[in-house]
Amino acid sequence: MPHIAVYPGSFDPITFGHLDVAARASKLFDELHIVVVHNPGKAPRFSSEERVQLIQASLAELGIYAGAKIKVDTLDHGLLVNYCQMVGAHALVKGFRNNVDLDYELPMAQVNQDLAGVETIFIPANPEHGHISSSLVKQVADLEGSVTKYVPQAVARALASSLANRKTKG
Ligand code: PNS
């Protein structure tokens with residue numbers, strides 16, 4: 001039976017921090033599903049489809065093979081554990097940078113274990129990426145700073161064109 005894990009998140013947009021966690025997690029499992037989850041608490045910058053495209057472009061840019069081993073998908077409604085059951089995954093992967101992340105993630109991990117026996121594997125962020133977050137990347141890009149240290153070129157381009165579009169619309 002293949003060992004399948006799901007790496008969920010908003011990924012709005014994906015960063016080098018997320019990509020590092022995905023690459024490391026993919027070595028631990030036969031199959032890793034990176035899943036763009038709709039978070040009703042957040043107004044996303046990019047649509048789910050755009051986020052999937054950016055993840056695929058980023059994996060390609062970094063030479064991380066997206067195919068049988070890493071799949072990219074979306075979950076727009078319903079419980080994450082239902083998605084896990086649908087694809088035969090028994091584990092979730094989450095990256096954490098600090099105790100704030102762990103405080104946020106721990107109750108979700110406990111609920112997912114309680115609901116369906118799905119375990120969460122926490123992967124510590126590489127210290128090099130400990131300060132990167134999607135929201136800070138969006139803020140820097142919106143203020144016309146360089147984000148190339150934090151995100152792949154495809155994402156940096158998408159952030160720049162999203163800013164240009166919003167400027168045009170006034
Ligand atoms: O990148 P984010 O926004 O921190 O990711 C949070 C996310 C999407 C992983 C979280 O909101 C989530 O797991 N949503 C799925 C809905 C669900 O199953 N909720 C109940 C158990 S936590």
Side-chain angles (χ1 to χ4, degrees), residues 4-26 28-29 31-59 62 64 66 70-142 147 150-152 154-156 158-159 162:
I4 302 171
V6 168
Y7 178 27
S10 296
F11 302 116
D12 186 44
I14 196 154
T15 66
F16 283 138
H18 296 130
L19 287 157
D20 179 56
V21 169
R24 287 158 63 198
S26 74
L28 303 175
F29 296 94
E31 207 174 295
L32 181 75
H33 292 236
I34 303 178
V35 181
V36 173
V37 181
H38 172 67
N39 185 342
K42 292 182 180 171
R45 171 71 51 94
F46 298 104
S47 70
S48 300
E49 293 70 28
E50 287 171 325
R51 284 178 267 165
V52 166
Q53 281 168 13
L54 289 175
I55 294 169
Q56 283 166 335
S58 299
L59 291 170
L62 268 62
I64 302 170
I70 300 185
K71 296 173 192 292
V72 188
D73 204 352
T74 57
L75 177 68
D76 285 331
H77 50 79
L79 286 171
L80 190 54
V81 291
N82 291 349
Y83 177 91
C84 290
Q85 284 170 338
M86 187 180 79
V87 299
H90 297 285
L92 288 167
V93 166
K94 294 287 184 88
F96 77 100
R97 294 161 295 191
N98 49 42
N99 60 337
V100 178
D101 280 351
L102 272 184
D103 283 349
Y104 170 67
E105 295 292 347
L106 184 60
M108 292 199 278
Q110 287 163 332
V111 167
N112 288 322
Q113 208 287 331
D114 193 34
L115 284 173
V118 175
E119 298 291 358
T120 301
I121 310 299
F122 288 104
I123 297 196
N126 182 325
E128 207 183 309
H129 301 131
H131 58 302
I132 306 177
S133 70
S134 298
S135 48
L136 271 181
V137 165
K138 282 181 281 198
Q139 199 179 110
V140 172
D142 285 353
V147 291
Y150 311 130
V151 294
V155 175
L159 284 164
S162 131

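Just so you know, ligand 1 is whichever comes first in the structure, and atom 1 is the first atom listed for that ligand. Hydrogens, waters and symmetry mates are skipped; everything else that's a heavy atom, side chains included, is used.
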Backbone of His129 reached by a side-chain donor or acceptor of Arg97 within 3.5 Å: no
Side-chain donor-acceptor distances from residues 11-19 under 3.5 Å, at least two apart:
residue, atom, partner, partner atom, Å
Asp12, OD1, Arg45, N, 3.3
Asp12, OD1, Phe46, N, 2.9
Asp12, OD2, Arg45, N, 2.7
Asp12, OD2, Lys138, NZ, 3.0
Thr15, OG1, Gly17, N, 3.2
Thr15, OG1, His18, N, 3.2
Thr15, OG1, His18, ND1, 3.3
His18, ND1, Thr15, N, 3.0

Contacts satisfying side-chain hydrogen bond (donor to acceptor under 3.5 Å, both in side chains) that involve residues 117-127 (not counting sequence neighbours) are Gln113-Glu119
Identify, chain by chain and in numerical order, each protein residue with a heavy atom under 4.0 Å from an atom of ligand 1. Gly9, Ser10, Val37, Asn39, Lys42, Leu79, Leu80, Lys94, Tyr104, Met108, Val111, Asn112
Sub-4.5 Å side-chain heavy-atom contact between Ser134 and Val137: no
Expected list for residues 81-93: side-chain donor-acceptor pairs under 3.5 angstrom, two or more places apart:
residue, atom, partner, partner atom, Å
Tyr83, OH, His33, ND1, 3.0
Tyr83, OH, Asp73, OD2, 2.8

Donor-acceptor check, side chain of Arg24 to backbone of Pro124, threshold 3.5 angstrom: yes or no? yes
